Each structure stands twice: as structure tokens, then as C-alpha cells.
Amino acid sequence: MGHHGMEGLDMLDPLSSSSMTTLAPMGEAAPPHHQLHGYGMNHVMNHHHAGALAHPPSHLAHPAAALHPDTDTDPRELEAFAERFKQRRIKLGVTQADVGKALANLKLPGVGALSQSTICRFESLTLSHNNMIALKPILQAWLEEAEAQAKNKRRDPDAPSVLPAGEKKRKRTSIAAPEKRSLEAYFAVQPRPSGEKITAIAEKLDLKKNVVRVWFCNQRQKQKRMKFAAQH
DNA sequence: ATGCATGAGTG
DNA sequence: ACTCATGCATA
């Protein structure tokens, strides 16, 4: 080995050439070794339509938590809570989707419903650290409420869910395995390709530029999830 | 359970 | 044009 004019589009083919041997070291995760810029610098909470978590838990919870916030931000504690949460949720015979909808009925300020996806991700720790911390007190509140009501109350026959119908469903793009492998190889050497490079990659893989751009964005987010971030 | 997507907020 | 929280659609 002893050649690599990998500038610009030359590196646009980490799979079909021997350059992969040097450019895409397979194995575990990508080798991006950056880590500064903590999370806290952002405004932390935003929201839009459905969900609406207002602020980080800086005053609620127990007085103990207020004394040492580290208890709430400790990945270990979050992990333990997530597991307990799931276990007790199942014990209550409630689905992830049920929990999401029930959150709206909690009437907590700035807290609306969440999707099954989000509840699932909370339980499996596949959310960012900050996201986990923001959701914990809310889910904890729901859990306590639900268990309290389970003691003296019983379910009431709520209205059967009716699908609105008539709405054109969104179609989910599916990236084929070979293309996916190429993208992963590119990502390994350059997690944040420029717009031009994205265009070139899209061209090469015969995918829409936007699809490729979003793929990289999602890939970056993945790296930051608790499960992937080696912070526990 | 997870892939691809949206939109608010930020720069 | 990115990050981040979140969700629809689907495996």
C-alpha cells in the first residue's frame, strides 16, 4: 500500500477499492475523537406540536435530588430508573403507547403526549443523556400516579380509537444494504461531509441528496445516544 | 424496536 | 445547514 490521492471525490469509493483497507478500518464505532463542547450550552429544551417539555428538572423532584443534582444526571441512576420503569409499567399492564398518551392526562405544565417511539427509547436508553434527564421526572410522575390509581380504581371503558382516515400516509425511504454500507464507510472517514460531498455521494449511490444528508444527521445523533456514548 | 423524516431553535 | 427532541411508518 502506498497511494491515496483521496481528495474530494477520490475517497468516494471506500468500498470497491483497496482504499477501504486504509480508509475504513472496520471493527467498532467510528474513530471520531472529539468530545468537548458539553451539552448544557444549548437551551436544552425546545418543542413543537405534540410533546412539550418545558424545562430541565432544576427544582422539582425530591429535596435530596436538589442537594446533589448528580443523582439525577448520573447515567447509572438513569439506567436503573429506566429498567424499573419498564418493569413496573409492564406490571401495570400498560403499553408504551398507553404511557405516551397518558402523559397528556397528567396535566403537568408544558407536558403533552409522547409517542410509543419515545417511551421505547427511554426504556432502552437510546435517547441523548439530556433527553433522558428531561423525561425522567415526567415518567416518574406518571408511574407513581398510575400505581396509585391501580390500587383503588379500575379501568373504565374508554372510547375506541377511530382512525381519521383519508390522510395520505408518509412513505419511508428504504436505503438498500449495499448503499448503507457505503454510507457507513464514508461516515467512518468523514462524519460531516460538506454539501458538495454529500451531493457527490448521493450521485454515486443514486440516492436523493436530501436522503443522504438526513442519513448523516441521523447517524451523528446515534453516536450521541447513551447506548453509544461511552459515558456509563 | 428502529429507520428515515420533520421542525424549532441557533448561528 | 446543523443540532436536538420527537414521531410516523415499518421491519
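So you know, we letter chains A, B, ... as the sequences are listed, proteins then strands, and number each from 1. In this text the structure is predicted, and so the values were computed from the model without any measurement.
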Are side-chain N/O atoms of A:Gln149 and A:Glu145 paired as donor and acceptor at under 3.5 Å? yes
For the residue pair A:Phe216 and A:Phe187, does the interplanar ring angle fall in the parallel (under 30°), tilted (30 to 60°) or perpendicular (over 60°) class?
-> tilted
Here the distance between atom C1' of C:dC8 and atom CZ of A:Arg121, to the nearest Å, is 10 Å
With a cut-off of less than 4.0 Å, is there a side-chain N or O of A:Thr173 near OP1 or OP2 of B:dA5?
yes
At under 4.0 Å, does any side-chain N or O of A:Lys180 touch on OP1 or OP2 of B:dC4? yes
Residues of residues 206-222 of chain A with a heavy atom under 4.0 Å from any atom of DNA chain C, listed by number, are A:Arg213, A:Cys217, A:Arg220, A:Gln221
Sorted by chain and number, sequence neighbours left out, salt bridge (charged side-chain N to carboxylate O under 4.0 Å, His left out) with A:Glu203 holds for none
Q.
Check the phosphate of C:dT6 against A:Ser117, side-chain N and O only, distance under 4.0 Å to OP1 or OP2. Yes or no?
A. no
From CG of A:Leu114 across to C1' of C:dT6 the rounded distance in Å is 8 Å
Checking C:dG7, B:dT2, C:dT6 against the side chain of A:Gln116 (C-beta onward), the nearest is B:dT2
### SB check A:Glu77 A:Arg84 (cutoff 4.0 Å)
yes
Atom CD1 of A:Ile133 and atom C1' of C:dT6 are separated, to the nearest Å, by 18 Å
Whole-Å distance, A:Arg225 CZ to C:dA5 P, equals 11 Å
Examine C:dT10: is either OP1 or OP2 under 4.0 Å from a nitrogen or oxygen in the side chain of A:Arg170? Give yes or no. no
Between the side chain of A:Arg89 and the main-chain N/O of A:Val94, is any donor-acceptor distance below 3.5 Å?
yes
Rounded to whole Å, CG of A:Asn130 lies from P of B:dG9 at a distance of 17 Å
